Amino acid sequence: MNAKTKAEPGLMNTYKRYPLALRSGSGCEVNDADGRTYLDLIGGIACCPLGHSHPAFVKAVQGHAAGLTNVSNLFQAEDAERLAATLGRLGGMDKAFFSNSGTEANESALKLAIAESGKRRFIACHHAFHGRTLGSLSATADAKYRKEFEPLALPVDFIPFNDTDALRKAILPETAAFIVEPIQGEAGVIVPSADYLNEVREVCDEKGILLILDEVQTGNGRTGTFFEYLAHHGRPDIVTTAKGLANGLPIGATLARGLDFKPGQHASTFGGNAFVTGIAHAVVDAIVNEGMMRNAKTRGNQLMDGIRRLQKSEVADVRGKGLMIGIELKKDAEIVRKGLQEAGILVSVVHGKTLRLLPPLTLSALQVNRFIDAFDKVVS
Ligand SMILES: Cc1ncc(COP(=O)(O)O)c(C=O)c1O
């Protein structure tokens with residue numbers, strides 16, 4: 001507990017914050033207001049793939065701040081075009097629309113699917129999280145997020161995750177698209193069977209509906225490939241990402257294959273500005289060229305194997321891919337989270353019982369071992 005932290009002065013009551021103020025950081029470490037250093041395994045909830053104050057990020061921010069940050073969407077968008085070309089090449093997609101967050105990236109995807117198909121009904125999964133604006137919230141399953149705001153903007157049929165029979169049965173003549181996370185994040189890091197994405201693609205093709213993959217959390221190298229779908233055969237018609245794309249600065253991306261808006265159908269004042277798209281390009285460059293995806297795979301396996309090897313009776317499951325990891329405990333995970341924080345390690349909790357780790361992709365072998373040792377002691 002940081003005694004100097006005040007409770008929420010002037011902020012709306014949307015977040016339950018830990019009583020800890022973080023002031024600076026470097027790599028996978030952050031420092032609090034009292035100068036204490038922590039190993040950061042939350043990483044801005046997947047927003048900091050490069051870690052804190054990475055030299056390429058700092059250089060890009062400084063360079064772009066000294067240039068033009070926003071010339072409006074009335075003029076040529078060279079930085080946005082360059083980012084679109086790079087993401088398109090990495091993901092096998094041909095067009096991009098840039099916005100400012102994950103939920104906006106999904107709003108854009110839903111609108112694009114409606115514009116292209118002329119239909120407005122969607123299918124999404126139980127426990128899916130696609131964002132909190134009214135369109136994305138329509139496809140977000142849990143009552144705690146949506147109940148008070150119903151009826152929502154779009155009709156959505158919910159089916160179990162990892163169940164292609166349910167998908168086939170749920171498709172109606174008026175269905176525009178299926179929207180799904182390749183690995184469910186907010187649901188507690190739920191990894192589907194290895195063939196799921198390929199089978200989903202086949203069903204969508206067979207029934208003639210669009211496939212939207214929400215890679216807001218899984219994207220940008222986190223699972224060991226730039227997008228998780230690149231580890232499978234199936235390609236989406238639309239993929240969305242956000243979170244880590246500009247290492248913590250606000251950006252959302254909606255990439256499409258063979259689909260496009262018409263002028264006037266969609267836009268964003270801030271979306272695609274030179275500042276954030278220029279920085280995002282430097283971030284993507286570092287992810288791809290500094291071996292971060294390979295590191296995510298290796299460190300993720302080291303971490304999951306290490307926790308499994310402890311054979312703790314308190315652990316119900318260890319799951320994930322790359323550096324997107326859930327450690328499900330048999331009891332309240334908050335006690336363990338607090339114990340880890342006291343031991344100088346930051347992790348977050350989803351669904352009460354699961355510790356979720358989304359650290360920078362630069363995590364080292366020594367830092368993984370430090371976490372495993374601390375986890376061993378705290379759980380005991
Ligand atoms: C899979 C997924 N989609 C969408 C969102 C919403 O992103 P944002 O909070 O940037 O609007 C999140 C956020 O956690 C997410 O995990």
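Keep in mind that the numbers below use all heavy atoms, side chains included, and drop hydrogens, waters and symmetry copies. Order of listing sets the numbers, starting from 1, for every ligand and every atom in it. Everything numeric here is computed off the predicted structure, so don't read it as measured data.
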Under 4.0 Å from any heavy atom of [X], which atoms of ligand 1 are there?
X      : result
Asn106 : 3 (N), 4 (C)
Glu181 : 1 (C)
Glu186 : 14 (O), 16 (O)
Lys243 : 13 (C), 14 (O), 16 (O)

Ligand 1 and [X], any nitrogen or oxygen pair closer than 3.5 angstrom?
X      : answer
Thr103 : yes
Gln217 : yes
Val216 : no

Lys/Arg cation over aromatic Tyr229: Arg201, 6.0 Å, 45° cone: no

Around atom NZ of Lys297, are there more than 12 heavy atoms of other residues, nucleotides or ligands at under 6.0 Å? no

Can you pull out the closest protein heavy atom to [atom]? Residue, atom name and distance to 0.1 Å, please.
atom                   : value
atom 3 (N) of ligand 1 : Asp214 OD2, 2.7 Å
atom 7 (O) of ligand 1 : Gly102 CA, 3.4 Å
atom 2 (C) of ligand 1 : Phe129 O, 3.3 Å

Nearest heavy atoms of [X] and [Y], plus distance in Å:
X      : Y      : answer
Ala242 : Gly252 : CB-CA, 4.0 Å
Ser53  : Ser26  : OG-CA, 3.6 Å
Ala139 : Arg146 : N-NH1, 4.5 Å
Leu152 : Ser138 : CB-OG, 3.5 Å

N/O donor-acceptor pairs under 3.5 Å from side chains in residues 265-286, not counting sequence neighbours:
from	atom 1	to	atom 2	distance (Å)
Gln265	OE1	Lys262	N	2.8
His266	ND1	Lys111	NZ	3.1
His266	NE2	Ser108	OG	2.9
Ser268	OG	Asn100	ND2	3.3
Ser268	OG	Gly271	N	2.9
Asn273	OD1	Phe275	N	3.1
Asn273	OD1	Val276	N	2.9
Asn273	ND2	Phe270	O	2.8
Thr277	OG1	Ala80	N	3.4
Thr277	OG1	Asn273	O	2.7
His281	NE2	Thr86	OG1	2.7
Asp285	OD1	Asn289	ND2	2.9

Protein non-hydrogen atom below 4.0 angstrom of atom 9 (O) of ligand 1 present: no

Exactly one of His351, Gln217, His130 clears side chain to side chain donor-acceptor pair (under 3.5 Å) with Glu186, and that residue is Gln217

